[in-house]
Number of protein chains: 2
Amino acid sequence: MVKNKKDTTTEEVILAAAKKVFVQKGMAGARMQDIADEAGINKALLHYYFRNKEKLFEVIFMEAAEKLFPKINAIFEADQPLFEKIENFCEEYISIVMDNPYLPLFVLNEINQDPDYFLKKVWTGKSKPNPVKLLEQIDKEVRKGTIKRINPMHLLMNLISMTIFPFVAKPMFQKNLGMSEVQFKMAMEERKKEIPRFIIDSLKK
Amino acid sequence: MVKNKKDTTTEEVILAAAKKVFVQKGMAGARMQDIADEAGINKALLHYYFRNKEKLFEVIFMEAAEKLFPKINAIFEADQPLFEKIENFCEEYISIVMDNPYLPLFVLNEINQDPDYFLKKVWTGKSKPNPVKLLEQIDKEVRKGTIKRINPMHLLMNLISMTIFPFVAKPMFQKNLGMSEVQFKMAMEERKKEIPRFIIDSLKK
DNA sequence: ATTTTTGTTAACCATTTGGTTAAATCATAT
DNA sequence: ATATGATTTAACCAAATGGTTAACAAAAAT
């Protein structure tokens, strides 16, 4: 429950509360009352600021999606050598996600419930990841013979999987490997360098 | 909606319906009425066979978890050279998940909502993945100098991430790479060989 | 054949939940 | 001070939802 001495506006308090509840419980599991309680306000006030649950959810979801998708794009489309691009992606993306470890699962889950609706809603303009440039870049390196033969799609999947999945499976990994919160953070920090090294080692001839 | 001409028992019909609805909508989003409709039966009959929603959900969840976790364990603990074990894991695990592409996200999501409850419930005895043997095996190879230096934990994370994540992000990958259902299946089939090759290439000196 | 048990249903019930209303309070301009 | 508009609340409301009941049908046991 967050107090409001007017350094934060009510709307911000609501959004913070809504984010917390939605991300933890999902659209279906979240209760408007929970959000109100978390924000320390009356339930009616929620509807005063955001007409209904769906509208409020959409704001939170879009905010989350905007935090996750456009950055991928920017890095993938950058004008940079392949290996640097990979290093850059891991470094920057892990940083982003470390600040919001639960966003990826939240977004992936909601997308899964209704792919067409969400993907059309989210991927409008700049937000739509466009992997073709990266795929072509990989293909070019393969043809030049500077890296081993590999299907660019698989390399892309490998890169994204290794970067994001540990956050999606955070509780599982933590429990199973007996990692504390700090240990997990440290491990993710290491992966910023570890993943590029792993990939580049695999690609080098 | 499934018909029941007594080659399948009512209980089985219910479980199939429940699985479909729970996996798609999650515990919170699933409606008992939806499950009843999907099974082509009265809602009261659900409660006749399974006392309540929670009980029914638990059956479905455990069924899903039992399908995903024990196999990991078996392979990890097998008595086999490291590279063969990796090849084996990808081959077998991708096969399992291809039959139920939506199970991983479902399970990960529910675990995320209440890690302690579910992980205690699921990881009892044989079901609990025990990665220590594999970790030690990796460590041994590193010390023998047969593979490059690598933190076993990261290698384990990489292996699991590359294997499972594409299914977790299935709609995203499909939409973004413009893949049909068949193309996705083909890609996953390829990954059975692609992932081990990628990993082994990275580890070889 | 008929009793008993098992399976199935329609009609209900209580609670939860998203959403509304009308009144109260607060801030601001006049 | 006070009128005005924005903000906040308590009390409600209707629909949805998990769950129950009592009656009925089918199968199994006697």
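Reminder, nothing fancy here: chain letters follow the sequence lines and each chain counts from 1. In what follows, every heavy atom counts, from backbone to side chain, and hydrogens, waters and symmetry copies are set aside.
Taking the six-membered ring where the residue is Trp, the centroids of A:Phe118 and A:Phe61 are separated by under 6.0 Å. When ring centroids are compared, A:Phe173 and A:Phe184 stay outside the 6.0 Å threshold. Centroid-to-centroid, the aromatic rings of A:Phe57 and A:Phe22 come within less than 6.0 Å.
The side chain of A:Lys43 lies closest to C:dG19, out of D:dT8, D:dG19, C:dG19.
In the model, A:Lys20 has no side-chain atom that pairs as donor or acceptor with a side-chain atom of A:Gln24 under 3.5 Å.
Within the 4.0 angstrom heavy-atom criterion, only backbone atoms of the sugar-phosphate kind lie near B:Tyr49; the bases stay farther away. Residue-level contact check: A:Asn52 touches the backbone only, with heavy atoms under 4.0 Å from sugar-phosphate atoms and none from bases. Across all strands, A:Ala30 comes closer than 4.0 Å only to sugar-phosphate atoms, never to a base (heavy-atom distances).
Not one side-chain nitrogen or oxygen of B:Thr10 sits closer than 4.0 Å to the OP1 or OP2 atom of C:dG7. Regarding contacts with the backbone of D:dG18, a side-chain N or O of B:Arg31 is found under 4.0 angstrom from either OP1 or OP2.
Between the NE2 atom of A:His47 and the P atom of D:dC12 there is a distance of 19 Å, rounded to whole Å. In this entry the distance linking OH of A:Tyr48 with P of D:dA10 reads 17 Å, nearest Å. For the pair B:Lys25 NZ and D:dT17 C1', the computed distance is 14 Å after rounding to whole Å. In this entry the distance linking CG of B:Asn42 with P of D:dG18 reads 14 Å, nearest Å.
In terms of position on DNA chain D, the residue among A:Ala44 and B:Glu54 whose nearest nucleotide sits closer to the 5' end is A:Ala44.
The base of C:dG19 is not paired with the side chain of A:Lys53 by any donor and acceptor separated by under 3.5 Å.
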